[in-house]
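Convention: sequence-line order gives letters A, B, ...; per-chain numbering from 1.
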2 protein chains.
Amino acid sequence: MKIKKEVTIYDLAKELNYSPSTISRALNNHKSISKKTVKLIKEAAEEMGYRPNNLAAGLRSNKSNTIGVLISRINRPFVSSLISGIENTARKAGYNVLISQSNDKYQSEINNSNALYDSRISGLIVSLSMETIDMGHFEKFMENGIPIVFVDRVPSNFNSYKVVIDNYTAGYSATKHLIEQGCKRIAHFAGAKHRNVYLERKKGYLDALREHGLPIEDKLVVNFKTLSFDEGTKATEKLLKMTNPPDGIFAANDTTGVSAIMCAKKLGVKVPDQLAVIGFNDDPISSIVQPSLSTVSHPASKMGAISAKRILEHSAQSYDADLSEITVLGTEIIARGSSLRTVKS
Amino acid sequence: MKIKKEVTIYDLAKELNYSPSTISRALNNHKSISKKTVKLIKEAAEEMGYRPNNLAAGLRSNKSNTIGVLISRINRPFVSSLISGIENTARKAGYNVLISQSNDKYQSEINNSNALYDSRISGLIVSLSMETIDMGHFEKFMENGIPIVFVDRVPSNFNSYKVVIDNYTAGYSATKHLIEQGCKRIAHFAGAKHRNVYLERKKGYLDALREHGLPIEDKLVVNFKTLSFDEGTKATEKLLKMTNPPDGIFAANDTTGVSAIMCAKKLGVKVPDQLAVIGFNDDPISSIVQPSLSTVSHPASKMGAISAKRILEHSAQSYDADLSEITVLGTEIIARGSSLRTVKS
DNA sequence: ATAGTTAACGGAATCGATTGCGTAAATTAA
DNA sequence: TTAATTTACGCAATCGATTCCGTTAACTAT
């Protein structure tokens, strides 16, 4: 296989009897080059198969036009939609997207953040790993003026762009919804305490109970490690076999919400009449399970688009931007069969 | 915000009284630098916060250590698992992953392939868009020695690495499975004819019917445009309202398979006894729907890992590699409630 | 007609690594 | 002890753009 030599602006310069500077300017629509020349050069570039070298351009101009994404794992509905939103808006602006998954491991997050840094990304979009507490590995980005947008799973002790939903209100509303359906003893499937999303959903749950005069029982709050299906099944079994089982569950994600429904059905517990369930995220499985799982909408793609836009805006302006801008998106309760009771008990 | 000047190998050279070449070699574990010096330099680099500049290194060495991925859309279970597999193996080898989604549009695929090319990726992994027929936009990669791995949705008229499953056998086995369950009139939900995956599944379906002496009816083969849930629902409705409805459906993906189950239930058609259904992919929804959807396993993550490995191997060897290597992975029929009949009719 | 602008382009340094070639010192072989 | 290697590094070109400063010619204003 013969490997062709690539066409550079020097080749174009020689061919057209212009200097490389003029070629470069023409290709970038610099105003000091006449329209005629620009047209001529662009046509020749096209014809000769010229393709810019981003490595060279990035090295010199110190702009890679690349957004780095640091997430836990890609193959989950929320995350893949998030990335889809990022990629679509980045692409429209001519930016590339570099991805890396930490698999929820702290050390991987550090390594990956370094790898992305080494590629001199224009900005970083991060959803923290489950384990991450220390933020030291993000400081070099700030020091070098590379904007970071934390999305969904954000830190509380680090000042930077953030794009989140109102997890507290969502948790409150989800719980309130169950209360309105007549639930008196509502359990909660909670995630890692140090991750804002789970902490706030739990706070919303607790406050909703309090404000509606319902008792808070420690035994009804299950702390999950990974919020997996199996973990959800076990927790549900344990709850339903209590002498005084709950009549409602607010699960911090849809996976465990669905597991609760399926487990309850297997145990002969009627959903929603004996046990009402609401999840979180609006994953595809939530509308497939029978009865379909009530849930909280999570604008994943939109959050991705906004995050990317923050980076693009930041790159566009040379002056010092306000790095502490926080975007809070609203959510909606999606009431489905798993919680809508015909006769309220 | 003060922006720090980045530390380069020149800074290290000055600080340690070595030449930049020695610094570079030491950092890359070049054998001609003594162990002592390597250790000294690496420690100083660490301490001074040195981070390599991939743009500079890539420009000079003509290796970006980056894999480009070109897929239709990320937020689908198969694709996100595929990318997850790619990313994990690429990362282990110190490679970055650039992603781009065509949204199944031909022109976007062209634009994205150019964008990836401009970043001088070390290799490209492609799952073709629904629309793509012409392969011209991939030629410049071949001409410049950049390996392409086509995965899942591959071209028939382009010679390059390919990683696929045996769609024909999978289609044959899925259909045979329905036949073994007693189905006599089996419908097929088929995808775009020019995409290998759908074409071959259909071929397998047709041959299975033929070899088992079942008639082939045009009306039972539904050609889908996007294989979406709504499309599946409509098709199922139409089929079930025929005077002589099918007693089995082999759907080319799980989404339409699930839609068939749900539609049948709504119309009062018993699954699997009156209508047995099998899908394709083993998406999460397939094990959630009731009855759970029989399907064909699709080793998405493994295919991603293998694809990435092809690129890594190709980059490692300087000699001309055999570009036409095709990897065919096996699949398994996952028999679940939607097709397993207690009493075979 | 002359000075002052503007338009259109060229020269050359620069970004931060990598690497072929050269060389002095240290080590080994004979 | 001397020649032959080997070890451990330095020099300087190079990758392919971008961009700060000119410079020339055409044009405009007075």
Side-chain angles (χ1 to χ4, degrees), chain A residues 3-42 44-45 48-66 94 117-120 122 144-145 318, chain B residues 3-42 45 48-66 94 117-122 144-145 318:
Chain A
I3 292 183
K4 260 209 288 192
K5 188 85 180 64
E6 296 188 16
V7 180
T8 71
I9 57 170
Y10 296 94
D11 299 324
L12 285 173
K14 203 165 293 175
E15 182 71 19
L16 301 176
N17 275 323
Y18 278 112
S19 77
S21 355
T22 300
I23 305 289
S24 172
R25 293 194 179 97
L27 293 174
N28 290 303
N29 299 312
H30 194 287
K31 60 189 169 193
S32 78
I33 308 296
S34 76
K35 313 290 171 200
K36 262 187 273 192
T37 312
V38 168
K39 187 165 178 248
L40 181 78
I41 290 179
K42 284 192 173 178
M48 292 175 63
Y50 168 80
R51 281 271 109 204
N53 184 324
N54 286 345
L55 298 175
L59 172 60
R60 176 55 229 251
S61 66
N62 205 25
K63 303 181 203 289
S64 63
N65 286 2
T66 299
Y117 180 86
D118 296 350
S119 290
R120 298 302 187 267
S122 310
N144 289 293
S318 49
Chain B
I3 293 184
K4 261 209 283 192
K5 188 86 177 59
E6 295 189 17
V7 180
T8 72
I9 58 170
Y10 295 95
D11 299 324
L12 285 173
K14 202 165 292 172
E15 183 71 20
L16 301 176
N17 274 323
Y18 278 113
S19 77
S21 355
T22 299
I23 305 290
S24 172
R25 292 195 177 97
L27 292 173
N28 290 303
N29 299 311
H30 195 286
K31 61 189 169 194
S32 78
I33 309 295
S34 75
K35 311 288 172 199
K36 264 186 274 196
T37 313
V38 169
K39 189 167 175 244
L40 181 80
I41 290 179
K42 282 192 175 178
M48 293 175 62
Y50 170 79
R51 281 272 110 204
N53 185 323
N54 285 347
L55 298 175
L59 172 61
R60 175 56 228 251
S61 66
N62 204 26
K63 301 179 201 295
S64 64
N65 286 1
T66 298
Y117 180 86
D118 294 351
S119 290
R120 297 301 185 268
I121 52 176
S122 310
N144 288 294
S318 49

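Rounded to an integer number of Å, the gap from CG of A:Asp11 to C1' of D:dC15 is 13 Å. Taking atom CD1 on B:Ile33 and atom C1' on C:dT19, their separation rounds to 12 Å, with Å as the unit. Following rounding to the nearest Å, B:Asn53 (CG) and C:dT14 (P) show an atom-to-atom distance of 17 Å. Remark: P of D:dA17 and CD1 of A:Ile41 are 13 Å apart, rounded to the nearest angstrom. We find that CG of B:Asn62 is positioned 14 Å from C1' of D:dA17, with the value rounded to whole Å. Protein atom CG of A:Leu27 is 12 Å distant from nucleotide atom C1' of D:dT18, rounded to whole Å. B:Ile9 has its CD1 atom 15 Å from the P atom of D:dC9, to the nearest Å. Atom NZ of B:Lys31 and atom C1' of D:dA8 are 13 Å apart (whole Å).
Annotation for B:Tyr50 and B:Val7: closest pair CD1-O, 3.3 Å, computed over non-hydrogen atoms. Considering all non-hydrogen atoms of both residues, B:Ala56 and A:Leu59 come closest at CB-CD1, 3.7 Å. A pairwise comparison of heavy atoms in A:Arg120 and A:Ser64 identifies O-OG, 2.6 Å as the closest pair.
Side-chain contact check for B:Ile23 versus B:Tyr10: every heavy-atom pair is 4.5 Å or farther apart. A heavy-atom distance below 4.5 Å is found between the side chains of A:Leu40 and A:Tyr18. Counting heavy atoms from C-beta on, the side chains of A:Ile41 and A:Thr22 come closer than 4.5 Å.
B:Ser32 comes within 4.0 angstrom of a nucleotide base, judged by non-hydrogen atoms across all strands. Residue contacts for A:Asn28: at a heavy-atom cut-off of 4.0 Å it reaches the sugar-phosphate backbone alone, with no base atom in range.
Between the two ends of the helix from C:dA1-D:dT30 to C:dA30-D:dT1, each summarised by a five-pair axis, the helix axis turns through 30° (rounded to 10 degrees).
Between D:dC9 and B:Thr37, a contact under 4.0 Å exists linking OP1 or OP2 to a side-chain N or O. For A:Tyr10, no side-chain nitrogen or oxygen approaches OP1 or OP2 of C:dG10 to under 4.0 Å. A sub-4.0 Å separation between OP1 or OP2 of D:dT19 and a side-chain N or O of A:Ser61 is absent.
In the set C:dA17, C:dC9, D:dG16, D:dG16 carries the atom at the smallest distance from any side-chain atom of A:Thr8. The nucleotide whose nearest atom lies closest to any side-chain atom of B:Arg60 is, among D:dT14, D:dG16, D:dC9, D:dT14.
The main-chain N or O of A:Ala57 is found under 3.5 Å from a side-chain atom of A:Ser61 such that the two form a donor-acceptor pair. In this structure a side-chain-to-backbone donor-acceptor pair under 3.5 Å is missing from B:Thr66 to B:Ile121.
DNA chain C is contacted by B:Ser21, B:Ser24, B:Arg25 of residues 14-25 of chain B, taking any non-hydrogen atom closer than 4.0 Å.
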Evaluation steps, side chain to side chain contact (heavy atoms under 4.5 Å, CB included), between B:Asn29 and B:Lys42: CA-CA 10 Å; B:Asn29 299 311; B:Lys42 282 192 175 178; 2.6 Å; yes
Decide side chain to side chain contact (heavy atoms under 4.5 Å, CB included) for A:Thr8 and A:Asn53; before the verdict, give the C-alpha distance in whole Å, the side-chain angles of both, and the deciding distance to 0.1 Å. CA-CA 8 Å; A:Thr8 71; A:Asn53 184 324; over 6 Å; no
